[in-house]
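Only one structure is covered here, and it is reproduced in the block below.
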Amino acid sequence: MPRLAYVNGRYLPHTEACVHVEDRGFQFADGVYEVVAILDGRFADLDGHLVRLARSLREVSIDQPISRAALKLVMRELVRRNAVRNGLIYLQITRGVAPRDFKFPCPKVTPSLVMTTRKATRFASPEQLERGVAIITIPDIRWLRRDIKTVGLLPQVLGKQRAAEAGCFEAWMIDAEGFITEGCASNAWIVTADGVLVTRQPDHMILNGVTRLTLLGLAQALDIPFEVRPFSLAEAMTAREALVSSATTFALPITRIDGQAVGDGVPGPVARRLRAAYFKAMEGSA
Ligand code: PDD
């Protein structure tokens, strides 16, 4: 059976799935998206992702194309038809198709809704888990509404490419004051020299990761001391541990920043505990 994509009400072979050249997602990056992991046939943190999707849509004044219940039905149907047991589902909603004009189309047009899935037998390689991953740091050149999960991802595309060219997994972005904002596609965390887990507060400067929120709850449940505040590159360089979180990495240890070892250069206990606790927590998810 061919892999299928969902495009505006239809399940189409992936190779034939397309949107119009005047889709505002293509013309202006005028759209938002979500990525949800599928673990053992269940969506991880589904409600958190759908709540954030609704918020992103509201913030850019795009109507929700179908109800949340209908979205869930389509997600489940696409996952069923593609027989995905472990993998990812991508949801993209744009303002729709209209002749190119910066202003919103008037009268309104129907938003475009696209979903695709991808199978992943494993999300991280045994080597990545055993040795941790390396990152570089780059200036954060993005706009100031990073709390909206928009498909406008060019700074992150450039950042991830720079990381790949440096043989690294991710790039952490740094704000004008020298504090880490987040990764190109993940939230940033450290465990300080004193053993305190730190991640930046969610405001317009970062995307409030759904995984991040779950991990904070787990840290509390596991009695891991944590602080929600900015941390600088200098502090990260003296940290015991560092990690990234996202729907695709869960909690993944970082062992090198800009070529320098973090702590003793191997994944630490806090990252390992959080990763294990996340998978355990998701066993009971939707
Ligand atoms: N990215 N920050 C940014 C800039 C992100 O793009 C992401 C996720 C996160 C983590 O959010 P969450 O925990 O809700 O996945 C933080 C997804 C995985 C992506 O674009 O592929």
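Values reported hereafter were calculated over all heavy atoms of this structure, with side chains retained and with hydrogens, waters and symmetry mates removed. One-based numbering, in listed order, for ligands and for the atoms of each.
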(request) Step through the shown structure and confirm whether more than 12 heavy atoms of other residues, nucleotides or ligands are within 6.0 Å of CZ on Arg118. (result) no

(request) Around atom 13 (O) of ligand 1, find the nearest protein heavy atom and jot down its residue, atom name and distance. (result) Thr211 OG1, 2.6 Å

(request) Examine His49 against ligand 1 and note whether any of their N/O atoms are separated by less than 3.5 Å. (result) no

(message) Side-chain heavy atoms nearer than 4.5 Å, only ILVMFWY residues, links allowed to pass through others: does that put Val210 and Tyr278 together?
(response) no

(message) Surrounding CD of Glu22 (heavy atoms of other residues, nucleotides or ligands, distance under 6.0 Å), is the total greater than 12?
(response) yes

(request) Give a yes or no on whether a salt bridge exists between Glu34 and Arg52, defined as a side-chain N under 4.0 angstrom from a carboxylate O. (result) yes

(message) List ligand 1 atoms under 4.0 Å from Ser186, heavy atoms only on the residue side.
(response) 2 (N), 3 (C), 5 (C), 7 (C), 9 (C), 16 (C)

(request) Using distance alone, determine whether Ser245 and ligand 1 share an N or O pair under 3.5 Å. (result) no

(message) Can you see whether Asp30 engages Thr94 through a side-chain donor-acceptor pair at a distance of less than 3.5 angstrom?
(response) no

(request) Using a 4.0 Å heavy-atom threshold (strictly under), name the region of Val210 that reaches ligand 1: side chain, backbone, both or neither. (result) both

(request) Report yes or no: do Val114 and Val74 belong to one cluster of Ile/Leu/Val/Met/Phe/Trp/Tyr joined by side chain heavy-atom distances under 4.5 Å? (result) no

(message) With a cutoff of 4.0 Å, is Cys184 in contact with ligand 1, counting heavy atoms of the residue only?
(response) yes

(message) For a quick check under 3.5 Å, do Thr214 and Thr211 share a side-chain donor-acceptor pair by atom type?
(response) no

(message) Does ligand 1 come near enough to Tyr33 that some N or O of the ligand is less than 3.5 Å from an N or O of the residue?
(response) yes

(request) Provide the number and element of each atom of ligand 1 under 4.0 Å from a heavy atom of Glu182. (result) 2 (N), 3 (C), 4 (C), 16 (C)

(request) For ligand 1, find out whether one of its N or O atoms is nearer than 3.5 Å to an N or O atom of Gly183. (result) no

(request) Quick one: look up the protein heavy atom nearest atom 6 (O) of ligand 1 and list residue, atom name and how far away it is. (result) Ala185 CA, 3.3 Å

(request) Report yes or no: do Thr181 and Asp175 form a side-chain donor-acceptor pair below 3.5 Å? (result) no

(request) Give yes if a backbone or side-chain nitrogen or oxygen of Gln156 is under 3.5 Å from a nitrogen or oxygen of ligand 1, and no if not. (result) no

(message) Check this for me, if you would: do Lys280 and Glu283 make a salt bridge, where the nitrogen-to-carboxylate-oxygen distance has to be below 4.0 angstrom?
(response) yes

(request) With heavy atoms under 4.0 Å as the rule, classify the contact between Arg52 and ligand 1 as side chain, backbone, both or neither. (result) side chain

(message) Please tell me whether Phe26 and Val32 are part of a single hydrophobic cluster in this structure, the criterion being side-chain heavy atoms less than 4.5 Å apart.
(response) no

(request) Write out the residue and atom name of the closest protein heavy atom to atom 21 (O) of ligand 1, then the distance separating them to 0.1 Å. (result) Val35 CG2, 3.7 Å

(message) Is there a polar contact between ligand 1 and Lys149, counting only N or O atoms under 3.5 Å apart?
(response) yes

(message) Using heavy-atom distances only, which candidate in Ala247, Gly209, Pro202 approaches atom 11 (O) of ligand 1 most closely?
(response) Gly209

(message) I'd like to check which ligand 1 atoms, numbered from 1 as shown, lie under 4.0 Å from a non-hydrogen atom of Asn187.
(response) 10 (C), 16 (C)

